[in-house]
Amino acid sequence: MSADATSLSLTTPLAEVPEIPARVVKLLAKESLETVGEVIWQLPFRHEDRRHAADTIFQPSETPVCHQVRVTKTSQKFFGRRRGAGMFDAMVEPEAGAALGQGLTLRWWNMPYMGKAIAEDQVLFVHGKIKDQKGRLIMSHPEYEIVGEDEDAGGAMVHTGRITPVYRLRGGLTQKALRVAAWHVCRRLGDDFAEDVLPTPSARGEFAGWNRTRAMKVVHFPVDQAELEVASRYLALEEFFGYQLRVVHRRRSFVESGGQSHAGPGDQVAQFERSLPFALTEAQRRCVEEIRVDMASARPMNRLLHGDVGSGKTVVAFLSMVRAVECGAQAALMAPTQILAEQHFQNARKWLEPLGIRVGLKTGSRRESGGGLELWSGGGDAPDVIIGTHALLHDRELVHNLGIVVIDEQHKFGVAQRARLIEKGRTPDVLVMTATPIPRTLTLTIYGDLDVSTIDERPKARGKVVTKIRPASKVKEAAAFLKAQLLEGRQAYLVYPLIDESEKLDVKAATTGFDEWQTWLAPHRVGLLHGRMSAEEKDDVMRQFRDADIEALVSTTVIEVGVDVPNATVMYIQGAERFGLAQLHQLRGRIGRGEHTSYCVLFVKDKDPEAKARLTIMEETHDGFKIAEEDLKRRGPGDVLGRAQSGQSPLRFSAYLADTRLVSTARKLAERTLDEDPRLRSRRFDGIRDFVLQAESGGATLQ
């Protein structure tokens with residue numbers, strides 16, 4: 001795409017681009033798109049290949065199709081009292097000649113101005129789905145282009161007949177308006193309008209001859225799919241490079257901040273390990289040693305401990321906390337929920353108090369009701385190990401000599417929350433844990449400032465988990481199997497995607513399911529747990545379930561994280577097609593925690609072969625890392641990891657995060673760049689310098 005006459009700059013107002021119609025400029029201005037740069041950075045989120053028109057046969061289609069047609073007749077009907085209410089029809093035939101079969105009607109509802117836009121004998125390129133409506137073929141509200149006569153696009157084919165950009169819209173924006181503006185902007189921009197951030201590509205590499213300007217233009221209006229792929233990968237590499245600069249800089253800054261060694265004699269650590277009723281796996285031992293080396297160093301530890309559900313991360317964390325206490329420092333563990341904090345506290349008392357280690361619980365201002373768990377309320381010596389929720393952040397008296405901070409299910413916390421706890425110590429060692437297995441590319445990006453320890457082995461004493469996919473219509477039949485399991489003394493989770501029924505969604509809800517299961521499982525005791533219950537109500541239900549006073553628990557995904565009831569051996573997940581693979585794996589991790597064989601059944605809509613095919617991997621493997629990789633490819637990093645923790649807007653090219661080679665290249669370039677220019681003083685970094693260095697002024701040492 002060549003530039004016309006006078007080139008533009010990114011700051012040029014759209015009103016000064018003569019080819020863009022005034023009405024388009026006005027429409028874009030309403031959505032704060034007023035300059036050339038603001039339009040060029042509205043990158044398409046996908047493209048549609050509209051280059052090839054279908055043959056001369058019109059036929060129903062479940063996917064959009066393209067046809068080049070000639071208008072043979074138009075008609076307009078108005079009805080009702082509302083102004084403009086009615087429909088406009090344009091009867092068309094293939095431009096190549098008479099239709100071989102039924103004719104086609106293009107139809108627009110409540111758009112009376114179409115009567116002025118479409119006229120008989122015009123040649124159109126149309127794109128849309130064809131539906132058979134009572135024997136008549138209709139294409140409703142198609143995208144169209146008048147061949148050779150589109151004044152807005154200067155006679156060019158912009159909306160059809162090409163690989164067409166599709167943008168995310170907001171407010172009153174339309175695809176056509178944004179496309180027209182982007183088309184004229186790309187044509188008028190020069191060949192060097194954007195400063196390159198990436199180093200000059202190799203003359204022989206994948207990106208030889210590419211720069212930011214070329215990639216930006218091509219990603220809007222590519223000539224072919226091959227060109228689009230290279231442009232997208234170039235911009236993805238550029239984006240990952242900026243992100244990696246920030247991650248590597250933050251990592252180096254944390255290391256340089258100075259810490260203190262926590263290398264005690266190890267007697268209490270050894271005593272604790274000997275007291276455990278099980279032997280550590282080789283994977284756990286490897287992670288314990290990696291953490292020991294970090295804690296012995298004067299350099300502050302900044303480590304991620306991740307592993308599959310049920311792999312034994314908690315024991316590794318407790319060994320690390322004992323190591324800090326043995327050196328005369330405090331250890332703090334922050335959990336995202338009251339239930340999980342209590343669970344850790346109970347384990348800590350059982351494991352650590354026999355060693356003479358004082359343990360405290362801090363989860364809020366209230367005391368536990370009926371649970372027998374006393375909250376630490378001040379006075380006397382502070383505990384050696386303090387466990388709690390975000391309430392830890394607000395107690396200056398309690399946490400004052402931190403040697404190590406352990407943050408469980410870290411993706412449930414915000415950046416600022418973690419930083420506030422860490423700041424309570426003198427650069428304490430930091431261990432963050434997650435039960436979400438993380439693909440390698442994400443450990444280089446989202447967690448790139450952390451060293452990574454991986455527990456990739458399950459304890460041998462854990463029971464087998466059998467997973468099956470079943471149609472939703474078989475739920476009632478499955479109740480008989482569940483009842484037999486309850487009679488054997490087992491317990492069950494019955495998971496639903498929603499709390500209440502929705503008129504908009506054809507999905508079963510927990511409240512309705514609770515009523516049904518009470519009937520199907522009588523006289524067994526059924527409980528209900530969901531996110532709208534108060535903390536006290538949720539705690540009470542979970543205590544009853546842990547104590548087996550409740551035998552079957554109907555729940556939403558609030559049980560996804562950390563709940564440990566070894567006697568629960570059955571999980572039925574309703575509407576499983578609505579969950580991501582990684583989330584289903586997390587839910588499944590609530591069973592199979594004891595010695596008995598467990599059963600996970602994924603119920604999907606009866607006629608949804610696509611969902612069944614997607615979920616098949618859950619039947620085939622229990623390897624959370626394989627499942628996470630597949631989920632990353634299908635859904636992107638946000639869904640795999642939960643809440644975004646990056647401190648920036650979502651990645652534009654997150655689809656390429658599954659590309660290990662591209663992410664690794666970005667990492668290597670960032671390392672090399674910061675070796676050569678630690679403060680990014682080069683002019684090419686003007687646009688990203690603040691983002692990369694903001695960790696210093698923001699006071700956060702973790703992302």
Side-chain angles (χ1 to χ4, degrees), residues 24 44-80 82-167 169 173-180 183 221-222 224-225 607 610:
V24 172
F45 77 96
R46 65 183 176 87
H47 295 75
E48 291 179 349
D49 191 343
R50 303 180 182 178
R51 290 174 295 177
H52 308 293
D55 56 27
T56 56
I57 301 175
F58 297 130
Q59 53 190 351
S61 171
E62 289 301 315
T63 57
V65 293
C66 289
H67 282 280
Q68 187 166 347
V69 299
R70 182 176 296 276
V71 180
T72 58
K73 183 180 179 182
T74 64
S75 66
Q76 195 155 10
K77 296 179 181 178
F78 296 96
F79 40 79
R82 187 164 65 87
R83 184 179 179 185
M87 65 180 184
F88 175 78
D89 283 352
M91 279 61 77
V92 299
E93 64 180 21
E95 166 63 359
L100 300 176
Q102 285 182 272
L104 176 66
T105 299
L106 311 179
R107 176 167 291 170
W108 288 267
W109 291 95
N110 303 324
M111 296 173 66
Y113 52 84
M114 291 303 300
K116 297 180 180 178
I118 304 295
E120 292 180 13
D121 213 35
Q122 282 179 332
V123 177
L124 310 177
F125 213 114
V126 296
H127 179 261
K129 294 180 182 179
I130 298 177
K131 299 293 183 183
D132 187 335
Q133 298 181 9
K134 298 180 179 179
R136 188 176 182 185
L137 296 181
I138 307 287
M139 184 183 284
S140 295
H141 290 268
E143 283 225 36
Y144 73 95
E145 200 152 18
I146 303 171
V147 177
E149 296 181 21
D150 195 323
E151 295 180 4
D152 287 353
M157 298 289 283
V158 173
H159 312 292
T160 52
R162 64 176 310 114
I163 297 177
T164 306
V166 180
Y167 302 92
L169 301 176
L173 275 181
T174 64
Q175 290 290 346
K176 278 198 166 186
L178 196 47
R179 232 177 256 139
V180 163
W183 172 258
F221 295 101
D224 54 36
Q225 292 288 2
K607 296 180 180 179
E610 206 172 293

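Separation of atoms CE (M114) and OH (Y144) is listed at 4.0 Å; rounding is to 0.5 Å. N110 CG to F78 CZ: the interatomic distance, rounded to the nearest 0.5 Å, is 10.0 Å. The structure places CD1 of I163 at 8.0 Å from NE2 of H47, a figure rounded to the nearest 0.5 Å. Distance check: R136 CZ to L104 CG gives 9.5 Å after rounding to the nearest 0.5 Å. Distance check: F58 CZ to I138 CD1 gives 12.0 Å after rounding to the nearest 0.5 Å. Interatomic distance, OG1 of T74 versus CD of E120, reported as 5.0 Å (0.5 Å rounding).
Side-chain N or O atoms of H141 include one that pairs as donor or acceptor with a backbone N or O of W109 at under 3.5 Å. In this structure a side-chain-to-backbone donor-acceptor pair under 3.5 Å is missing from E93 to G103.
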Exercise for review: Give the intermediate values and the outcome of side chain to side chain contact (heavy atoms under 4.5 Å, CB included) for residues V180 and H159.
Suggested key: CA-CA 8 Å; V180 163; H159 312 292; 3.8 Å; yes
**Study point:** Worked check of side chain to side chain contact (heavy atoms under 4.5 Å, CB included) between V92 and M139
**Key:** CA-CA 11 Å; V92 299; M139 184 183 284; over 6 Å; no
Exercise for review: Report the C-alpha separation of D89 and L106 in whole Å, then their side-chain angles, then the decisive distance to 0.1 Å, and conclude whether the side chain to side chain contact (heavy atoms under 4.5 Å, CB included) test is met.
Suggested key: CA-CA 6 Å; D89 283 352; L106 311 179; over 6 Å; no
**Study point:** Chi angles and distances behind the side chain to side chain contact (heavy atoms under 4.5 Å, CB included) call for V158, E145
**Key:** CA-CA 8 Å; V158 173; E145 200 152 18; 3.8 Å; yes
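Salt-bridge check for R70 with E95: passed, with a basic side-chain N closer than 4.0 Å to an acidic carboxylate O.
Across all non-hydrogen atoms, the minimal contact from P112 to Q76 is O-NE2, 2.9 Å. Shown here for I146 and A117, the closest heavy-atom pair between the two residues is CD1-O, 3.7 Å. Closest approach of A90 to W108, counting heavy atoms only: CB-CZ3, 4.4 Å. Q175 and P165 get closest at one heavy-atom pair: OE1-O, 4.2 Å.
More than 12 heavy-atom neighbours from other residues, nucleotides or ligands sit within 6.0 angstrom of NZ on K131.
Using a 4.5 Å heavy-atom cutoff, the side chains of S61 and K129 are not in contact. Side-chain atoms of E48 and E143, non-hydrogen and from C-beta on, never get closer than 4.5 Å to each other. At least one side-chain heavy atom of V123 sits under 4.5 Å from a side-chain heavy atom of Q68. Between L137 and D132, some side-chain heavy-atom pair lies under the 4.5 Å cut-off.
Under the rule for a side chain to side chain contact (heavy atoms under 4.5 Å, CB included), the partners of T164 that lie at least two apart in sequence or sit in another chain are R50, R162, R179. In terms of the side chain to side chain contact (heavy atoms under 4.5 Å, CB included) criterion, residue partners of D224 (sequence neighbours excluded) are, by chain and number, R51, A226, E227.
A cation-pi arrangement, defined by a distance under 6.0 Å to the six-membered ring centre and an angle within 45 degrees of its axis, is absent between K116 and F88.
Only one option out of L178, T174, L173 pairs with Y167 in a side chain to side chain contact (heavy atoms under 4.5 Å, CB included); it is L178.
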